[in-house]
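Right, one structure below, let's go through it.
Please read these numbers as outputs of a predicted model, since none were measured by experiment.
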Amino acid sequence: PFLAGCGGGGSPKSPPLNVYTTVEDDEMPAYMKLWKEAHPDIELNIIRDSTGIITSRLLAEKDNPVAAVIWGLAASGVDLCRQENMLAPYAPAGMDDLRPEYVDRKNTPPLWVGIKLFMTALVCNTQELARLNLPMPESYADLTKPVYKGHLTAPNPASSGTGFMLVGGILQTLGEEEGWKLLQGIHENIALYTHSGSKPAKLAGQGEFPIGISFDYRATRQKQLGEPIKAIYPREGSGYEIEANALMRKANQHLAATIFLDWAVSRPVMEAYGVQYRMLASKSVVPTVSDPDYPADPFSALTKKQDLEWMAKNRERILKEWSRRFDGKSEPKA
């Protein structure tokens, strides 16, 4: 676990606040610096993993939750916890500045609030595409062309939120029958399904495979590291997810749980999210991330037919069908 913060002064030391998150490892230091500045006396115990792993762990601990709060978990995963009555209502300070489409609108106070949005990106290594004389894809449909056989990687949706966002987005955009056909066509060209949503972008950046299906933050980050990356947002519309925060329903809730949730949507933290993400829940904070591959209006690149609640309700069925069809190309579990 990633430990942050330090113990308080003369008072008896509280146990650390358990935070379950899928926030990327290389995003974390900037946020933890802000936390230590704001709350030096409150220690955090950050448990970080990919979306499928964190969601499964939360559900497994349903009757005796270890997490005090959820931070930045895909909303479809948070909604599974809502369906199991695992969340407590809480309206964080500053909620008035959050866009209504990023907030649980069915409950007052809300059971979750969003912080940022991420979307599917085709992460292409321009040098490898040139070396292999491969065209730059522009759409999901392009990825079914035989020329890409063995040159694609994508995340496994059972462990990766990015993978589930990809599959859920395609099934809703095209309808299930056509969606599975498209996924089958892409599968013919897949070399490997990875267990994390970041790994396909990292593999592309390292030149191991020319194209990795990943997400926008990771494409931008690999480019910032100097890798020859171009991100393509598919013509059909990118699948997307809201990263959301929630308070766990617990008999003995940590006193600092709501302090953390207030902090996690505060202006300084929103500004820090905006250094890496273009689509924020805040109405007033302007993202500062710069990437020429982003559409001028990133919201216009999203699929218009995505329902995160539908994804949560149908998750088990979709993953079962995906595994039946495609799991043979997944990397071994660690």
Side-chain angles (χ1 to χ4, degrees), residues 22 49-56 74 76-77 118-125 128-129 131-132 134-174 176-216 218-219 222 227 229 231-232 234 236 238-239 241 311 314-334:
T22 64
D49 215 314
S50 55
T51 301
I53 310 292
I54 289 290
T55 303
S56 297
S76 62
F118 62 106
M119 63 175 167
T120 304
L122 313 182
V123 183
C124 304
N125 184 311
E128 282 300 294
L129 288 177
R131 185 180 72 78
L132 295 163
L134 292 172
M136 184 75 70
E138 294 180 3
S139 63
Y140 292 131
D142 283 351
L143 299 181
T144 66
K145 293 174 179 174
V147 70
Y148 294 114
K149 192 165 186 68
H151 294 310
L152 310 181
T153 64
N156 180 324
S159 54
S160 159
T162 305
F164 188 57
M165 161 178 96
L166 167 74
V167 173
I170 286 174
L171 293 179
Q172 290 181 88
T173 300
L174 300 181
E176 290 200 41
E177 190 177 338
E178 290 304 311
W180 285 117
K181 272 189 206 164
L182 175 63
L183 289 165
Q184 181 66 47
I186 294 172
H187 174 74
E188 303 296 327
N189 294 334
I190 290 280
L192 182 72
Y193 291 108
T194 64
H195 287 298
S196 98
S198 295
K199 193 168 181 180
K202 292 177 178 176
L203 292 172
Q206 293 155 8
E208 293 192 39
F209 296 94
I211 301 170
I213 307 176
S214 188
F215 63 106
D216 51 346
R218 186 46 63 192
Q222 298 311 116
E227 295 171 353
I229 288 299
I232 301 293
E236 296 92 343
S238 287
E241 274 272 18
M311 285 171 65
N314 291 279
R315 185 173 188 270
E316 209 169 304
R317 176 179 68 80
I318 290 167
L319 293 180
K320 195 172 174 185
E321 181 64 17
W322 187 93
S323 296
R324 184 183 73 76
R325 290 169 178 256
F326 307 135
D327 207 20
K329 288 187 181 180
S330 291
E331 65 182 348
K333 287 193 170 79

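Between Pro157 and Leu166, every side-chain heavy-atom pair lies at or beyond the 4.5 Å cut-off. Annotation: side chain of Phe164 is not in contact with side chain of Thr51 (no heavy-atom distance under 4.5 Å).
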Begin with the C-alpha distance, continue with both residues' side-chain angles, and end with the deciding distance and a verdict on side-chain contact (heavy atoms from CB on, under 4.5 Å) for His151 and Leu134. CA-CA 10 Å; His151 294 310; Leu134 292 172; 3.6 Å; yes
Trace of the side-chain contact (heavy atoms from CB on, under 4.5 Å) decision for Thr120 with Met165: CA-CA 7 Å; Thr120 304; Met165 161 178 96; 3.6 Å; yes
Stepwise side-chain contact (heavy atoms from CB on, under 4.5 Å) test for Thr194 and Ser160: CA-CA 8 Å; Thr194 64; Ser160 159; over 6 Å; no
side-chain contact (heavy atoms from CB on, under 4.5 Å) for Gln184 and His187? Distances and angles first, verdict last. CA-CA 5 Å; Gln184 181 66 47; His187 174 74; 3.9 Å; yes
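Between the CZ atom of Phe118 and the OG1 atom of Thr162 there is a distance of 5.0 Å, given to the nearest 0.5 Å. Atoms CG and CG, from Leu152 and Leu192 in turn, are 11.0 Å apart once rounded to the nearest 0.5 Å. With rounding to the nearest 0.5 angstrom, the CD1 atom of Ile170 is 10.0 Å from the OG atom of Ser238. The distance from the NZ atom of Lys202 to the NZ atom of Lys199 is 9.5 Å, given to the nearest 0.5 Å. Tyr140 contributes atom OH, which lies 9.5 Å from atom CG of Leu174 (distance to the nearest 0.5 angstrom). The distance from the CD atom of Gln172 to the CD1 atom of Ile318 is 7.0 Å, given to the nearest 0.5 Å.
Contact between Leu129 and Pro210 at its shortest, heavy atoms only, is CD2-CB, 3.9 Å. The heavy-atom pair separating Phe215 from Ser198 by the smallest distance is CE2-OG, 3.9 Å. Minimum interatomic distance between Ser214 and Gly197 (heavy atoms only, all atoms of both residues): OG-O, 2.6 Å. The two residues Ala121 and Asp216 make their nearest non-hydrogen contact at CB-N, 4.0 Å. Taking each heavy atom of Gly77 and Thr55 in turn, the nearest pair found is CA-OG1, 3.9 Å. Closest approach of Ile211 to Pro137, counting heavy atoms only: CD1-CG, 3.9 Å.
Tyr148 places a side-chain N or O within 3.5 Å of a backbone atom of Pro135 that can act as its donor or acceptor partner. The closest donor-acceptor contact from the side chain of His195 to the backbone of Glu331 lies under 3.5 Å. Ser56 places no side-chain N or O within donor-acceptor distance of the main-chain N or O of Ile53, the cut-off being under 3.5 Å. The backbone N or O of Ala204 sits nowhere less than 3.5 Å from a side-chain atom of Glu128 that would complete a donor-acceptor pair. Remark: side-chain polar atoms of Ser50 are paired, donor with acceptor, to backbone N or O of Ser159 under 3.5 angstrom.
Ring geometry for Tyr193 versus Phe326: interplanar angle of 30 to 60°, hence tilted.
Shown are Ile190, Leu122, Asn189, Leu182; of these, the side-chain contact (heavy atoms from CB on, under 4.5 Å) with Leu143 is made only by Leu122.
Counting non-hydrogen atoms of neighbouring residues, nucleotides and ligands closer than 6.0 angstrom, the NZ atom of Lys320 reaches no more than 12 such neighbours.
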